[in-house]
Amino acid sequence: MTSLDTARDLLREFPVVDGHNDLPYALREQVRYDLAARDIAARQDDHLHTDLPRLREGGVGAQYWSVYVRSDLPGAVPATLEQIDCVRRLIERYPTQLRGALTAADMEAARAEGRIASLMGAEGGHSIDNSLGTLRGLYELGVRYMTLTHNDNVDWADSATDEPKAGGLTAFGREVVREMNRLGMLVDLSHVAATTMRDALDTSTAPVIFSHSSARAVCDHPRNVPDDVLERLPANGGMAMVTFVPKFVLQAAVDWTVAADANMRAHGFHHLDTTAEAMAVHRAFQERTPRPVATVATVADHLDHMREAAGVDHIGIGGDYDGTAFTPDGLNDVSGYPNLIAELLDRGWSRADLAKLTWQNAVRVLGAAEDVARDLQTTRAPSLATIESLDGIKG
């Protein structure tokens with residue numbers, strides 16, 4: 001039996017829980033949520049990284065669908081609600097393939113049924129518009145993690161890719177974390193500044209996650225996690241889910257991306273735009289300036305380091321498919337996860353370690369957040385704090 005055969009066999013028992021997939025936003029951008037126009041029951045290789053046949057090929061058993069909207073988009077709250085509606089309609093449209101999931105028990109039930117557990121994560125604190133009531137509303141609609149920032153700062157937290165303003169979390173930002181703990185919503189520290197990571201770890205009484213981040217010691221990009229933060233995850237109980245985005249995992253790709261992003265802006269496109277027109281501009285740039293190519297081994301290097309720094313109980317996978325223009329060779333789309341597991345097998349990872357990486361850690365972390373919430377709800381009422389009362393900023 002080859003390593004790839006062994007990987008596929010393992011994934012049948014312990015499928016991948018992927019921390020971050022931007023299919024809903026891709027559907028917004030490409031077809032304005034017309035699900036019939038991008039029927040993911042059929043392969044969509046020419047348009048998307050994600051469809052049901054390839055999720056099955058990849059051994060995916062649970063997916064956190066990102067309900068992301070750009071941080072510079074006016075009306076972030078209604079746009080986030082549209083993203084939630086998209087995920088719910090996907091679940092309704094494909095009931096034999098997808099199962100809505102709110103809890104760790106739901107994830108296990110979906111695995112037992114052979115369906116893909118479908119959870120939601122909001123990507124960026126701008127999606128609550130400085131309102132704890134809105135945060136609670138998102139939780140009631142099924143959102144089970146919130147990334148504290150996206151690429152830009154919010155009023156109460158610094159982003160990894162913006163100029164520091166708050167110095168981490170403000171008083172209101174710490175109250176957001178506490179309210180997320182009370183709800184049972186996972187605090188996601190991908191995209192945030194290292195100062196924000198540390199403040200959140202100081203504040204949170206529940207496990208935190210990084211839904212799609214890699215190791216800064218391996219690739220020096222501010223979107224990645226420093227070693228001192230990885231080393232704090234065992235005490236917190238949380239996990240860091242490696243991402244596949246080449247510009248976060250391969251140093252040469254970091255430098256190339258700076259030039260590619262400038263080229264996008266020069267042509268009038270946002271650097272994260274993945275529409276056909278924007279991708280044509282990307283491809284033309286790539287023909288003139290060949291793109292450094294990440295591989296399965298590149299991602300495995302990050303996982304080797306993350307296992308060493310955080311421990312095997314505190315790592316996972318968050319590919320960021322349909323949220324990136326480029327993917328590593330061998331991880332071209334959601335069918336590629338077995339290639340990564342095969343690479344790790346060849347590096348000596350045990351079946352027990354890989355089961356933790358793919359399935360067990362993510363289920364445990366969500367269950368632990370639920371346990372913390374049950375305890376907090378006996379002593380802590382829903383917070384009525386405002387950003388004005390805590391930070392002096394008009395909400």
Side-chain angles (χ1 to χ4, degrees), residues 18 20-32 37-38 40 42-51 53-55 57-58 66 68 70-73 123 150-152 160-161 191 212-214 218-224 242-302 318-340 343:
D18 184 276
H20 193 89
N21 183 300
D22 277 301
L23 174 65
Y25 197 77
L27 292 171
R28 170 194 167 100
E29 293 293 283
Q30 293 182 23
V31 293
R32 294 301 304 174
R38 287 286 184 272
I40 63 166
R43 295 183 69 99
Q44 297 291 334
D45 302 69
D46 293 339
H47 305 290
L48 299 166
H49 294 143
T50 308
D51 51 51
R54 285 182 288 171
L55 285 167
E57 290 174 25
S66 176
Y68 156 77
R70 276 171 36 183
S71 49
D72 60 352
L73 183 72
E123 190 174 18
H150 191 243
N151 288 338
D152 301 315
T161 48
H191 279 287
H212 58 308
S213 294
S214 296
V218 179
C219 180
D220 188 15
H221 190 286
R223 269 283 281 106
N224 289 334
V242 71
T243 195
F244 302 164
V245 180
K247 65 182 178 181
F248 302 149
V249 297
L250 183 65
Q251 194 64 50
V254 174
D255 304 330
W256 182 89
T257 299
V258 171
D261 288 352
N263 178 68
M264 287 288 282
R265 289 189 290 269
H267 284 81
F269 292 102
H270 190 278
H271 69 278
L272 295 178
D273 196 332
T274 57
T275 59
E277 296 81 4
M279 291 305 294
V281 171
H282 259 309
R283 284 191 291 271
F285 179 82
Q286 186 176 354
E287 288 174 5
R288 298 192 305 272
T289 310
R291 174 176 59 90
V293 178
T295 66
V296 174
T298 310
V299 176
D301 288 344
H302 283 265
D320 203 10
Y321 285 117
D322 284 306
T324 178
F326 304 110
T327 54
D329 275 3
L331 295 169
N332 307 75
D333 56 44
V334 295
S335 68
Y337 300 99
N339 296 327
L340 177 60
E343 173 72 20

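These numbers come from the heavy atoms of this one structure, side chains and all, not from hydrogens, waters or symmetry mates. Owing to the predicted nature of the structure, the values given are computational and were not obtained by experimental measurement.
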Could you work out, with side-chain hydrogen bond (donor to acceptor under 3.5 Å, both in side chains) as the rule, every residue matching E57, not counting sequence neighbours? R43

With a 4.5 Å heavy-atom cut-off, do Q30 and L48 have their side chains touching? yes

Tell me, please, which residues at least two apart from V254 pass side chain to side chain contact (heavy atoms under 4.5 Å, CB included). C219, H221, Q251

Nearest heavy-atom contact between H302 and N224 is CE1-ND2, 4.4 Å

Tell me, please, which residues at least two apart from T274 pass side-chain hydrogen bond (donor to acceptor under 3.5 Å, both in side chains). none

Assess the residue pair N151 and L272 against the criterion (side chain to side chain contact (heavy atoms under 4.5 Å, CB included)); give the C-alpha distance rounded to whole Å, side-chain angles, the decisive distance to 0.1 Å, and a yes or no. CA-CA 10 Å; N151 288 338; L272 295 178; 3.4 Å; yes

In chain order, what residues pass the salt bridge (charged side-chain N to carboxylate O under 4.0 Å, His left out) check against D301, with sequence neighbours excluded? R347

How many angstroms lie between CD1 in I40 and CG in L55, if you round to the nearest 0.5 Å? 7.0 Å

So V242 and S214, do their side chains get closer than 4.5 Å, heavy atoms only? yes

Sorted by chain and number, sequence neighbours left out, side-chain hydrogen bond (donor to acceptor under 3.5 Å, both in side chains) with D220 holds for R216

Counterpart residues, side-chain hydrogen bond (donor to acceptor under 3.5 Å, both in side chains), relative to H47 (two or more places apart): R38

Residues forming a salt bridge (charged side-chain N to carboxylate O under 4.0 Å, His left out) with D261, sequence neighbours excluded: none

Sequence neighbours excluded, the answer for salt bridge (charged side-chain N to carboxylate O under 4.0 Å, His left out) partners of R223 is none

Of all residues at least two apart in sequence or in a different chain, which pass the ring pair (Phe, Tyr, Trp, His ring centres under 6.0 Å) check with H49? Y321

What distance do D22 atom CG and H212 atom NE2 have between them, rounded to the nearest 0.5 Å? 6.5 Å

Residues two or more places apart in sequence or in another chain: which of them pass ring pair (Phe, Tyr, Trp, His ring centres under 6.0 Å) with F326? W256, H282

Run the salt bridge (charged side-chain N to carboxylate O under 4.0 Å, His left out) test against D255 and tell me which residues pass, sequence neighbours left out. none

Between the side chains of H150 and D152, is a donor N or O closer than 3.5 angstrom to an acceptor N or O? no

Please assess Y337 against D18 for the test side chain to side chain contact (heavy atoms under 4.5 Å, CB included), listing each intermediate value before the final yes or no. CA-CA 10 Å; Y337 300 99; D18 184 276; 2.8 Å; yes

As an exercise, state the distance from CZ of F285 to CE of M264, rounded to the nearest 0.5 Å. 11.0 Å

Considering only residues two or more places apart or on different chains, which pairs with a residue in residues 320-340 satisfy salt bridge (Lys or Arg N to Asp or Glu O under 4.0 Å)? R54-D333

